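Notes follow the structure.
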Number of protein chains: 2
Amino acid sequence: MTARDRVAKDGRPTINDIARMAGVSKKTVSRVINESLFVKEDTREAIQSIIRETGYVPDPQARGLAFRHSFLVGLIYDNPNAQHTIDHQQGLLEAMAGTGFELVVRRVDRTSPTLVEDMRAFIERQKLFGVVLPSPVSEEERLVDLLKELDRRYVRISSTPLDQADRMVVSHDGQGAAQAAHHLAGLGHTRIALISGQQGRRSSSVRMQGFEEGLAEHGLALDPALVRRGAYTYESGVQAARELLAMEPRPTAIFCLNDEMAAGAYLAARERGLVVGADISIVGFDDAPIAARLWPTMTSVRLPLRQMGRIAGEMLTPSALREAPATPREIVPELIVRNSTAAVS
Amino acid sequence: MTARDRVAKDGRPTINDIARMAGVSKKTVSRVINESLFVKEDTREAIQSIIRETGYVPDPQARGLAFRHSFLVGLIYDNPNAQHTIDHQQGLLEAMAGTGFELVVRRVDRTSPTLVEDMRAFIERQKLFGVVLPSPVSEEERLVDLLKELDRRYVRISSTPLDQADRMVVSHDGQGAAQAAHHLAGLGHTRIALISGQQGRRSSSVRMQGFEEGLAEHGLALDPALVRRGAYTYESGVQAARELLAMEPRPTAIFCLNDEMAAGAYLAARERGLVVGADISIVGFDDAPIAARLWPTMTSVRLPLRQMGRIAGEMLTPSALREAPATPREIVPELIVRNSTAAVS
DNA sequence: CTGAAAGCGCTTACAG
DNA sequence: CTGAAAGCGCTTACAG
C-alpha cells in the first residue's frame, strides 16, 4: 500500500492527511509548506518526503482565505495589438510556470470613467497577489495610485522609467529609435519624415525624442513640417503617409513609430506608384510578424515583448521576493534591417 | 451615517456584517446570495437593499472553499496565432464580464507527454469551474476524457461538431470553404490548387472537404497533383506555393487553408514575377488583420473568433446553466472578397 | 521547536 | 421560511 492509497479515496490529500501520516500537528506541516526556519531538520525531511510521496499540494483557495490574498496575478491590458498582449502573456506564463501562481487576464478601456472603481473591485474581490500593467495601461497613474493604496505588488512595463526600478520593466525605445536614425542617416537620407502615435502616449514621445537625438549625432534635425501625428493604427498610417508623400519635395524616408502605421505607409506609397525600398524608405517599430510578411520585408525596431513579460513575471514571483534588491530590468530594442530601406539614389 | 460606514473600517463587509445589519442569520443572507426560493419576500428585499447599500460582494475564495470549486474559468490554448487566442479571449471576457467569474489562461504544448497530468494538476488545484478548449486543443480527446473524469464543465471550439451540442461552439468551416470554391469557380478558374494544414488537424480536413464539395457543385474536382500539405505557417505556405507555381501548366488559383500560408503564397508569386489578383488568384482563411494589409488585399474566409469566444463564455456562465437546453451554437464563416482574386484571363 | 484553539468568509447538512 | 452547528483547508496569534 503506497502513501497515495492511504488518503481519502475521493480526492487529493489535505494538510490533515499529511499531519496524521507524519504524526505531527497540521501546524507543523504548515510550517514546512511555508518554509519556516523553526522546524527540526528530521521533522522537516520526514514531512517533505510524505508530501512528495502523496503528491500533496496545498489548496490555494484555502491558503488564500487564511492569508487574505490569493495566488492570482492579474494582467490588465488595453492594447488593440494582439501580438503585444499575447507575447507579454506568454512571457508571464513562462515565468510563473511551476510557482503555483496563475494568471488572470482582464481587458480594460483606459478611457472608461469607471476604470478605477472597476479595477478596485477586481483587485479587492480577487485579492490579487500582484498586477502587471503593460503599456499603455502602465502610464495610468490613477491605477498605480490605486495599487499603492491597496498595497498590492505591481510591475509596470513601459518605454521609459516611470517608477522605482523594482516595479519597472523598461524597454529603452529611445535607443531603438536612435538606431533607426543612424541607419537612415547612414544611407544618406536627409529629408526624413516621421509618423507618431497619439499625443500623450509615452512610447510615442520617447521614440520620437530618441530618433531626433540619433539624427542629431549626424548633424540632422527633424523638420517639423515632416512630422505627422498618427494613432498607432493602420488607417492613421495610410492617411499620414498620403499627406507626406504628396509633399514637394517628397521625403525620401519615413520612420513610423509602429509597424501598423508602417504597413499603412506601404499602401500610401503604392497608391503613388512608389517602390518601397527604392523610391521611399520605410522603417517601423515593434518588428511584429507583419514586418517580415510584407513585401518588401520591413526594416523595424524589434521589441522583445515576450522577454519583457517574462521579466515582469519573475519580478512578481515569490522567489524573486527573497532575492537581492532588484536591479533595473532594462532592455534595448534592436534594429532589424530588411528590404524597405535603401540608400538615397 | 450610511450603511457603508457601519462595516469594519479596514475592509469590505462580510456576510456577518450583512446578517447583523439585517437582523437575520448569515445563513439567510447566504440564501439570498444564492437565490434560494425559500426566503420570504420581505426578508429577501430587506437583505438585498442592504447588500446594495453596502456594496457587499461575497468573497469568491471563501465561497469557492465551501462550494469545493472556484469561480475561475480556464482558457487552455495551444495556437501560435496570436490573433486567434486574443480574439477568443476577448469574446470570453465580454461574456464573463459582471458574472463574478474570472478567466485564467494557460498555454500548453499539445505534444507534451505530460499534458494530461499537467492539466489534471491545474484543474484540480484551482478547482476550475469550467474550461474552454479552442482549436486545436479542442481536438485532444485525452483532455476531454480528463474533464469528464473530473466532472468539469467545458466548451470545445472547433470547425466541426466533436461533442454534444451544449459543449460545442461550431464554426462550419466547410461551408466557408465552399463559398471560396463558388467564388473561384464563378471567376472561371478550373486549375485550382490547395495548400492544407498539418495532417490530423480537423480544421484542415474540414476546410478541404468543404472546398471539394463546393467545387463539385460546379462540376469541378480538386486535382490531387495540385494539393500540397502545409503546416499553417508562413514558411510552409511559401514552400508549398513555390512548388505549385513551378508546375506546367500553372494553377490559376490557390486556396490556402489559412491566411498565414496565403501570405506565404504572395511571396512565392512575387518571386516568379506573378501579379497576385491578375496572374494568380489567392484565397486565404481566417480573415486575420494581415489579409487587409497585404497588397493586393486578400480575399479570405472570415472566422468570427471573438463571437465564438463570446458564445463559449455564455455557455459556461451560470445564467446559461438555468436556461432552456442549449441549442447548437453554430456559425457559418463568410467569404470576404477583396483584390487577390480575379477572373481567369 | 511544536501544538491546541480560533479564525479566514462562506456553505452544507440538520433541525425546527 | 429560518437558524445554530459543523466544516471547507488552510494560517495566525498564543502558549508552552
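Residue numbers start from 1 in every chain, and the chains themselves are labelled A, B, ... in the order their sequence lines are given, proteins ahead of strands. Because the structure is a prediction, the values reported are computed rather than measured.
Judged as a side chain to side chain contact (heavy atoms under 4.5 Å, CB included), and not counting sequence neighbours, A:Arg68 has no contacts. With sequence neighbours left out, A:Ala66 forms a side chain to side chain contact (heavy atoms under 4.5 Å, CB included) with no residue at all. Taking the ring-ring contact (aromatic ring centres under 6.0 Å, His included) definition, one finds that B:Phe67 meets it with B:His69, sequence neighbours left out. With sequence neighbours left out, the side chain to side chain contact (heavy atoms under 4.5 Å, CB included) criterion links A:Ser30 to A:Ile15, A:Lys27, A:Asn34. Considering only residues two or more places apart in sequence or on other chains, B:Arg306 meets the side chain to side chain donor-acceptor pair (under 3.5 Å) condition with B:Glu94. Under the ring-ring contact (aromatic ring centres under 6.0 Å, His included) criterion, B:Phe122 pairs with no residue at all, not counting sequence neighbours. Partners of A:Gln83 according to the side chain to side chain donor-acceptor pair (under 3.5 Å) rule, which considers only residues two or more places apart in sequence or in another chain, are A:Asp87. Partners of B:Ser36 by side chain to side chain donor-acceptor pair (under 3.5 Å), not counting sequence neighbours: none found. Not counting sequence neighbours, A:Arg167 has no partner by the salt bridge (charged side-chain N to carboxylate O under 4.0 Å, His left out) test.
Counting only Watson-Crick and G-U wobble pairs whose two distances sit under 3.5 Å, DNA chain C takes part in these stems of three or more pairs: C:1-3 with D:14-16, C:5-12 with D:5-12, C:14-16 with D:1-3.
Protein chain B contacts DNA chain D over a range whose 5' and 3' limits, counting nucleotides with an atom under 4.0 angstrom from a non-hydrogen atom, are D:dC1 to D:dG9.
Among the atoms of the strands shown, none is found under 4.0 Å from any heavy atom of B:Asn16. Note on A:Lys40: only backbone sugar-phosphate atoms sit closer than 4.0 angstrom, heavy atoms only; bases stay farther off.
Toward the 5' end of DNA chain D, the nearer of the two residues A:Lys27 and B:Val39, judged by each one's closest nucleotide, is B:Val39.
Taking 4.5 Å as the limit, some side-chain heavy atom of B:Ile47 sits within range of a side-chain heavy atom of B:Thr28.
The stretch residues 58-71 of chain B touches DNA chain C through B:Pro58, B:Asp59, B:Ala62, B:Arg63, B:Leu65, B:Ala66, B:Phe67, each having a heavy atom under 4.0 angstrom from the strand.
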